[in-house]
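Here the structure comes first, spelled out in structure tokens, and everything after it is commentary.
Each ligand, and each atom within it, is numbered from 1 in the order the structure gives. Nothing fancy with the numbering, it's 1 onward along the sequence.
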Amino acid sequence: MWPTNALTARLNLQWPILQAPMGSASTPALAAAVSNAGGLGGLGMWGRSAEQAARRIAGFRQQSSGTLNVNYPIWPDPRCEPQAAAAMRRHLQTQYDAHGLGKVPEPAGKVSDVGPEHVALLLDTKPEAPSFHFGLPEPDTIDALKSAGIFILSSATTVAEARLLEQRGVDAIIAQGTEAGGHRATFTGIDMSMQPGLFALLPQIVDAVRVPVIAAGGVADGRMAAAALMLGASAVQIGTAFLRCEEAEVRDAHRAALAAADDASTVVTDVISGWPCRYIRNELIDNLVASGLKPLPVPAQQSLTQPLSETGDRDWTALTSGQSAALATATNAAELVERLADETSRRLRAFA
Ligand SMILES: Cc1cc2nc3c(=O)[nH]c(=O)nc-3n(C[C@H](O)[C@H](O)[C@H](O)COP(=O)(O)O)c2cc1C
């Protein structure tokens with residue numbers, strides 16, 4: 001069965017390996033290298049204008065004629081209660097002062113709903129597989145993309161979410177286990193402690209839906225990719241291992257923390273961005289948790305913590321990572337795809 005199936009055939013992939021579209025960490029160079037190596041490259045469009053998104057897509061197309069996934073998070077208007085915003089700004093002022101950052105700004109951010117400009121861009125540039133995180137945009141947007149023959153991906157953290165996505169017309173579902181680095185994809189408000197890990201989640205989603213299922217969360221080498229395929233996945237989506245590739249845009253402090261991480265380094269929290277996300281634990285997290293303050297909505301909270309991240313101080317930088325960081329190595333994207341393909345093939349042959 002490896003490496004060909006209905007999903008790889010539809011998306012014209014040599015290997016069922018997706019590089020997760022990771023916000024600003026996923027560069028056109030990274031996505032292009034993955035697609036050129038036979039996988040599916042992904043570009044995050046978190047907070048990007050349609051013009052910026054167009055430039056990123058063009059950057060990919062200049063470097064690859066392969067298949068592209070572009071990813072949009074979906075969130076409502078992040079308007080903050082003035083008192084909550086003032087309390088968070090007061091709290092962060094001490095660290096802004098310690099890092100010479102001046103006055104904590106007013107929180108910023110607007111709705112992320114794949115508005116008409118982005119829809120026009122997608123219809124014009126036709127990335128082969130757009131994906132959505134934290135649910136889906138309005139039905140009109142889904143209908144417009146599907147009418148243009150565009151294949152749609154979206155992530156689920158439970159069987160109920162997978163069923164909802166299938167009902168709304170999603171063409172392939174990414175089963176995101178709790179091991180995953182980055183933001184939790186959940187859009188039904190289910191408590192974090194009730195969300196399953198990938199080993200439990202994946203076969204249950206495979207049984208529940210008819211569309212292809214992609215395994216995400218903690219997959220970092222061929223053993224794990226082979227296990228996911230044996231559990232019924234049509235492909236794997238990998239984020240954290242690609243963060244260690246030279247083409248990824250990752251701050252030095254973040255790279256060093258990934259290199260030093262072990263199996264118990266990470267925690268899921270909403271204190272950095274306003275949405276639950278898995279990071280390597282550091283002082284930024286401990287300090288905000290200890291404050292007892294409720295984070296502002298995403299991305300308003302992130303607009304206040306981002307300047308601290310930009311200082312490059314490891315203790316005060318957002319260190320996004322999944323639980324398998326220690327299985328990843330410093331490499332480049334072509335080598336990583338090749339190694340994953342080779343190791344997975346070997347593991348599957350051993351069971352043939
Ligand atoms: C740094 C980072 C940023 C991420 N940003 C996004 C994103 O913008 N959109 C998205 O759909 N998934 C995002 N993810 C989550 C991935 O899609 C995927 O679920 C996850 O990386 C899989 O787990 P792994 O990191 O253990 O491989 C991100 C992951 C990481 C590590």
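Of all protein heavy atoms, the one closest to atom 9 (N) of ligand 1 is Asn71 OD1, 2.7 Å. The shortest contact between atom 29 (C) of ligand 1 and any protein heavy atom is with Gly181 O, 3.3 Å. Among protein heavy atoms, atom 21 (O) of ligand 1 sits closest to Gly239 CA, 3.3 Å. When only non-hydrogen protein atoms are considered, atom 22 (C) of ligand 1 lies nearest to Gly217 N, 3.5 Å. For atom 13 (C) of ligand 1, the nearest protein heavy atom (residue, atom name, distance) is Pro21 O, 3.7 Å.
Distances below 4.0 Å separate heavy atoms of His133 from the following atoms of ligand 1: 9 (N), 10 (C), 11 (O), 12 (N). Atoms of ligand 1 found under 4.0 Å from any heavy atom of Ile238 (numbered from 1 in listed order, with element): 27 (O). Residue contact check: Gly218 has heavy atoms under 4.0 Å from atoms 23 (O), 24 (P), 26 (O) of ligand 1.
Hydrophobic cluster of Val111: no remaining members, since no ILVMFWY side chain lies below 4.5 Å from it.
Using the six-membered ring where Trp is involved, Trp46 and His183 have ring planes that are parallel, under 30° apart on the 30 and 60° scheme.
When the side chain to side chain contact (heavy atoms under 4.5 Å, CB included) test is applied to Arg255, the partners found at least two apart in sequence or on another chain are Ala248, Val250.
Geometrically, ligand 1 and Thr240 share a nitrogen or oxygen pair separated by less than 3.5 Å. Ligand 1 has a nitrogen or oxygen under 3.5 angstrom from a nitrogen or oxygen of Gln237. Every N/O-N/O distance between Gly182 and ligand 1 stays at or above 3.5 Å. By the 3.5 Å distance cut-off applied to N or O atoms, Ala180 is not counted among the residues near ligand 1. The shortest N or O to N or O distance between Gln323 and ligand 1 is not under 3.5 Å.
With respect to Trp316, the side-chain contact (heavy atoms from CB on, under 4.5 Å) criterion is satisfied by exactly one of Leu284, Thr305, Ile285: Leu284.
For the 3.5 Å distance criterion, the side chains of Ser345 and Trp2 qualify, holding a donor opposite an acceptor.
A salt bridge is defined here as a Lys NZ or Arg NE, NH1 or NH2 lying under 4.0 Å from an Asp or Glu carboxylate O, and Asp171 with Lys146 meets this definition.
In this comparison of Gln176, Gln19, Met22, Met224, the heavy atom closest to atom 3 (C) of ligand 1 sits on Met22.
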